[in-house]
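To keep things clear, I will list the structure first and then write my remarks on it.
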Number of protein chains: 6
Amino acid sequence: MKQYKRVFFPGRFQPFHNGHLHAIKYILTKSKEVIVGVMAAQYNFTLQDPFTAGERIQMIHDSLKNLNINVYIVPLNNIPNNSLWIEYLKNYLPSFEVVFTNNAFVKLLCEKSSVKVEPIPFKQRERLNGEKIRELMVKQGNWEKLLPSEAVKIIKQVNGVKRLKTLYAVGAAELSKVKLNT
Amino acid sequence: MKQYKRVFFPGRFQPFHNGHLHAIKYILTKSKEVIVGVMAAQYNFTLQDPFTAGERIQMIHDSLKNLNINVYIVPLNNIPNNSLWIEYLKNYLPSFEVVFTNNAFVKLLCEKSSVKVEPIPFKQRERLNGEKIRELMVKQGNWEKLLPSEAVKIIKQVNGVKRLKTLYAVGAAELSKVKLNT
Amino acid sequence: MKQYKRVFFPGRFQPFHNGHLHAIKYILTKSKEVIVGVMAAQYNFTLQDPFTAGERIQMIHDSLKNLNINVYIVPLNNIPNNSLWIEYLKNYLPSFEVVFTNNAFVKLLCEKSSVKVEPIPFKQRERLNGEKIRELMVKQGNWEKLLPSEAVKIIKQVNGVKRLKTLYAVGAAELSKVKLNT
Amino acid sequence: MKQYKRVFFPGRFQPFHNGHLHAIKYILTKSKEVIVGVMAAQYNFTLQDPFTAGERIQMIHDSLKNLNINVYIVPLNNIPNNSLWIEYLKNYLPSFEVVFTNNAFVKLLCEKSSVKVEPIPFKQRERLNGEKIRELMVKQGNWEKLLPSEAVKIIKQVNGVKRLKTLYAVGAAELSKVKLNT
Amino acid sequence: MKQYKRVFFPGRFQPFHNGHLHAIKYILTKSKEVIVGVMAAQYNFTLQDPFTAGERIQMIHDSLKNLNINVYIVPLNNIPNNSLWIEYLKNYLPSFEVVFTNNAFVKLLCEKSSVKVEPIPFKQRERLNGEKIRELMVKQGNWEKLLPSEAVKIIKQVNGVKRLKTLYAVGAAELSKVKLNT
Amino acid sequence: MKQYKRVFFPGRFQPFHNGHLHAIKYILTKSKEVIVGVMAAQYNFTLQDPFTAGERIQMIHDSLKNLNINVYIVPLNNIPNNSLWIEYLKNYLPSFEVVFTNNAFVKLLCEKSSVKVEPIPFKQRERLNGEKIRELMVKQGNWEKLLPSEAVKIIKQVNGVKRLKTLYAVGAAELSKVKLNT
């Protein structure tokens, strides 16, 4: 793999965990700079997207410490037109040479827009997985060791575990729309 | 509980039933005025949201009769950003002191925005429940006695039972997007 | 003119003044009920639309006092597709028989949608005019006597004169978009 | 059935198949002109809506060959307010006398807007069905004979079968929102 | 200039006039097929955009008569993000090789998206100009001879001259937002 | 003035100039961290907003060099509801204590949301002004010395001067909507 000048790494980061941190460190061995895209930025307080874009930016920023100087952290709203996705992102991002992702769908959309893709070596994919970590948080499991300590700190500051438990208790299927007492 | 000047009571009111009427009467013993928020106002003709905002406003208005002078009825669209919800509502509403709700999710969002919440005593929650009443309407059950007679009258005027039966026959999962002959 | 059951009266009510109050009283001699549409509800803190929808609802509600029982006050967002306007409104409003307006543009759109229009007798149109009243507020003129005292009270509560002066000082042409220090 | 001047035929056309072609030919025996509405135009690269509006327009146009002169092909976005649907469409379409559809939900919405509906005789509905054809494409079945050869040609040009297989592999439930590596 | 297979010709067509017709005929000598983009499709009943997308499609379709078989007529909404414009359009259009336009702004946006542009020889640009023709319509000038007779016919059917006169009387500056009696 | 932990500095940065750089350096003497908000992020290729959000992020990032570690650069779309603006921003931003701005309108909106404001000492406000600099660019003036050299470099990379000249030639009043050959 050649050395890049600037690349793009998209994710939802709900929450930002050690697998994400590991991926960013890996990418910074392949590229001078990396743009971290905080996707689905407009969603929050749902079981699948519990944290606001601002909270996620903070988690990523603090976890990166001295790496920040080569990292851009950019919140990006999702749009309904999938085929337009990559072109839409480009308007909000500094130019980049390649997208780092293992997601087959993202690869398909990049290919549609003639954007090159590179894979990321997984680290403990079974455990370092957003959905599983959110479940651990709801069920009082040992989630803290799976995240950078700075991300844990922010989740505690915003009372994130209580938030997730309430979202879970209300029922996952209903959370993307506010369904009130009927 | 102290006596309030003006409070907010949100709901979808699909349809407006005796439990809602009971709640408003209760709230009016605790507050001089109440703002009734007709939520998810932009949705209609779906199995979960069969009635238009206008039809719901009419049901509530007519059922309240002489109480209207102390009641505001305001349609409010849902937005995708949950965390912004309370602040969004405030722009469309006269100022209020507290939200009356039993919904844990609404409570969570109010807390996020530092808005006080009060509970409502349930009345026959098992029967006075929007989803159950819509089912009764589809299955020719005895739904009429669960609603104020004024709300029943409006449902009949707009041919609401036939509407619900069609929505049910087409299939609940498909109704939020118009899925046509493919 | 025949007697109506329910009619629609749209306006921006920036602010609600004695001409509006006079119009509603007139309309209530022609119709049992009237729906007051608070148009351009999503705009506020601009020179042309200084007050929020909630503040305007409050001004109208308080000024009407005992008339409220026959009046619906409904905030309505503007949409870009003019031709769709009347049909869009109908979804948020109880059914109505006729629109009361003197505006030629509204008449044109009603005609397009086959909705009947009735005129309103003007009362001191030269003075009772939203734009002139906003100017008086900015220039410390005697605006208070042109509004119902209840509307004056709300404008004072929200510090409305100071708000208008700031909006005016920043420059009218720039206010619909937030233009910051460049 | 009387002879019409211009009628509307809505569908998603994911993809355009022989049943659609048969329907259009049938409708052209009942009406001088037909407007083919390419619905849900803003969606693409999802399991349920794999092809872009442009690709669908091309499939329909090429399959119609010399019929084009009496056919309008118009892409139309879906909107959340179902009750407003027919009125919304009218703004983007030449005037029409009737809607041709077998869909009970579309019939309900047409009735709400006082628009007349006519049925279409089904041709091999069991096999000529968008969902089944998409399944055949994913599972290497014999889908090609179910489509006009011109539509097959376009699907091959855009690498449509590979696209559908990827969308299927990623998982149907996730495709309407871009869900990335978490 | 080489011979093209399919090209794109965007315009607002408010109204469709002989200059547009002449341009399409010219383009059809350079390309087998042409996509006519009806831009700003969501606007109507304004002084600058008086006709609906449907009315404009009808004018173009009828004026082209036997040319239709090689012409696609597609309504396209405007979007706020200029830089994304060309990529947005591509999702709603069959693939095309080049854009025919004389507009410097469109050329700039095409260049940004690496799309080729070709000029169109003007025909009586001084007179065949949408803005001038709309003025003639308002001021009872001889506008009819500047349009294909089929377009004139449709404007008369929808009472277009009266519509334009009302839009003009209400005031150009106010028409993109519905400004009501204040 | 006390020492802050994290503050917010909004601007359009069209383009990023020495006055902005000076302001950020000043703010970093007052606060450990600063969030730079790239406002009106969805606009570009207009006379007033010529550069994309991505281009502006790049200009700011490169100009800050070793300061980046304490700076967040976040693109933010404008919304029509002014009164909701501050609350909307909070969802996309790490928490902050105060807004640095000299703009009276921003101050008004902060006050409405109970957010504290601090002023910024102006540096050569007469010359270091976005509108004046854009004019210099169009008129071949000496604009380069008014910007950090890194920002100049990016403007040259994207051919920014030619872009601005085209936007200027087409006419400022027309640029927010794509107005094509009519």
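Values below: every heavy atom of this structure, side chains too, minus hydrogens, waters and symmetry copies. Here is the naming used below: chain letters follow the sequence lines, and residue numbers restart at 1 for every chain.
- Closest approach of E:Gln58 and D:Ser95 over heavy atoms only: OE1-N, 4.4 Å.
- The shortest heavy-atom contact between D:His61 and E:Ile69 is NE2-O, 3.4 Å.
- E:Gln42 touches chain D through backbone and side chain together, each having a heavy atom under 4.5 Å away.
- Considering CD of D:Glu55 and CG of E:Asn91, their distance stands at 8.5 Å, rounded to 0.5 Å.
- Residue E:Arg56 does not touch chain D at all, counting heavy-atom pairs closer than 4.5 Å.
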TODO: In sequence, state the C-alpha distance, the side-chain angles, and the governing distance for E:Ile57 and D:Tyr72, and then conclude on side-chain contact (heavy atoms from CB on, under 4.5 Å).
DONE: CA-CA 9 Å; E:Ile57 289 171; D:Tyr72 302 72; 3.8 Å; yes

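- For the atom pair CG (D:Asn77) and CG (E:Asn77), the distance works out to 6.5 Å, reported to the nearest 0.5 Å.
- Side-chain contact annotation: D:Asn44 with E:Tyr92, donor-acceptor N/O pair under 3.5 Å absent.
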